Amino acid sequence: MPAIEDAPDTIVPEAYLVVASEGTRRQVHRLESVPATIGRSPDADVLINDPRVSRAHARIGFAGGRFVLEDLGSTNGTLLNGEPLSAPAVLTEGDAISLAGVRAEFQVNAPTVVMSAPPAAPGLHIDLSTHEVKVDGKPVKLSPKEYLFLAALRHRAGSVVAHSDLAREVWPDVAEGVSDENIHQLATRLRRKLEDNAEGPRYVLTVKGFGYRLAADS
């Protein structure tokens, strides 16, 4: 992939980045010049004021007659059509870009604020960077201790987390005084929020005599 630089006397087509904001609002950013930096810095060509986005997060350039997207070493990464961006990649009309979870769409010549919502992903999804938990695409509101319990399982996905480890992570100040029954009650409350059938859980699984683990496909 050529470096992202404008060739002399190259005519660059009009291009736009349509960024999803709160609710159903969309912000249309025309790329007045390229390369165009995207980020949280006030100096960015496309300013996205979101704490998940790095100050200089990504850049759109024009090389070889094509628009190209490049991640600038951002903290939380860039996705192009759902795939992590590890090297500069060619952009085409309608490409979906995710900047640390902030959705955007690349458009050429005919900007529109209509962006199709992605289909709700089935199953349990835990975003450790934003503390968001969803089941079948729907947000689930957890108490702080319920979230810490679930996050402890997520950090060790596929492995059994012992009662003692859960006690230290969920009740760090009083871990020695936490009983297995305390942990069991917390797991039960969590399952009631996550599971269709708390008695036959799909996500938070008990490993008798050892602890709990998160289902492999969660």
Side-chain angles (χ1 to χ4, degrees), residues 19-26 40 48-54 74-79 81-84 96-105 115-218:
V19 179
S21 54
E22 295 181 3
T24 58
R25 292 171 49 230
R26 303 287 184 263
R40 202 176 72 249
I48 301 179
N49 190 19
D50 188 293
R52 294 170 292 178
V53 175
S54 297
S74 63
T75 300
N76 294 318
T78 301
L79 303 181
N81 297 322
E83 296 296 327
I97 300 169
S98 175
L99 304 152
V102 176
R103 274 200 322 128
E105 186 174 289
M115 293 171 61
S116 58
L124 171 64
H125 294 270
I126 307 160
D127 190 329
L128 296 175
S129 65
T130 63
H131 294 187
E132 293 177 316
V133 176
K134 295 181 180 180
V135 174
D136 297 334
K138 298 179 181 178
V140 179
K141 187 175 181 179
L142 301 180
S143 71
K145 283 186 169 54
E146 290 165 351
Y147 176 78
L148 288 173
F149 184 103
L150 188 61
L153 302 187
R154 178 64 180 83
H155 278 299
R156 303 169 180 81
S159 299
V160 178
V161 184
H163 291 165
S164 58
D165 290 331
L166 287 167
R168 281 192 294 271
E169 298 218 16
V170 180
W171 294 272
D173 297 330
V174 293
E176 298 302 324
V178 175
S179 68
D180 289 353
E181 180 61 22
N182 293 139
I183 296 172
H184 171 72
Q185 290 176 1
L186 182 59
T188 298
R189 293 197 298 272
L190 180 60
R191 282 173 173 152
R192 286 172 181 163
K193 294 183 177 182
L194 300 181
E195 310 280 1
D196 296 328
N197 177 8
E199 301 302 319
R202 291 188 295 162
Y203 307 122
V204 178
L205 307 180
T206 300
V207 181
K208 289 187 176 180
F210 296 95
Y212 297 84
R213 69 176 179 86
L214 203 60
D217 58 349
S218 299

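All figures in this text were calculated on a predicted structure; none of them were measured in a lab.
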Heavy-atom closest pair, residues [X] and [Y]:
| X | Y | answer |
| --- | --- | --- |
| Ala167 | Val178 | CB-CB, 4.0 Å |
| Leu186 | Glu146 | CD1-CG, 3.7 Å |
| Val160 | Arg213 | CA-CB, 4.0 Å |
| Ala20 | Val102 | O-CG1, 4.2 Å |
| Ala187 | Phe149 | CB-CZ, 3.8 Å |
| Ala152 | Glu169 | CB-OE1, 3.7 Å |

Mind checking what makes side-chain hydrogen bond (donor to acceptor under 3.5 Å, both in side chains) contact with Asn81, not counting sequence neighbours?
-> Asp95
Could you pull out all residues at least two apart from Thr78 that satisfy side-chain contact (heavy atoms from CB on, under 4.5 Å)?
-> His57, Ala58, Leu69, Asp71, Ser74, Leu85, Ile97, Leu99
Got a second to check how far [X]'s [atom1] is from [Y]'s [atom2], nearest 0.5 Å?
| X | Y | atom1 | atom2 | result |
| --- | --- | --- | --- | --- |
| Asp196 | Tyr203 | CG | OH | 6.5 Å |
| Arg202 | Asn197 | CZ | CG | 10.0 Å |
| Ile183 | Asp165 | CD1 | CG | 9.5 Å |

Greater than 12 external heavy atoms within 6.0 Å of Lys134's NZ = no
Is it true that atom CD of Glu176 has more than 12 heavy atoms of other residues, nucleotides or ligands lying nearer than 6.0 Å?
-> no
Candidates Ile48, Asp50, Asn49 - the one meeting side-chain contact (heavy atoms from CB on, under 4.5 Å) with Arg40 | Asn49
Can any side-chain N or O of [X] pair as donor or acceptor with the backbone N or O of [Y] at less than 3.5 Å?
| X | Y | value |
| --- | --- | --- |
| Arg191 | Val204 | yes |
| Asp127 | Glu132 | no |
| Ser54 | Thr75 | yes |

State, yes or no, whether a side-chain contact exists between [X] and [Y] at a heavy-atom distance under 4.5 Å.
| X | Y | value |
| --- | --- | --- |
| Leu153 | Leu166 | yes |
| Val133 | Leu194 | yes |
| Leu214 | Ile126 | yes |

Where at least one partner belongs to residues 154-199, residue pairs that pass ring pair (Phe, Tyr, Trp, His ring centres under 6.0 Å), sequence neighbours excluded = His163-Tyr212
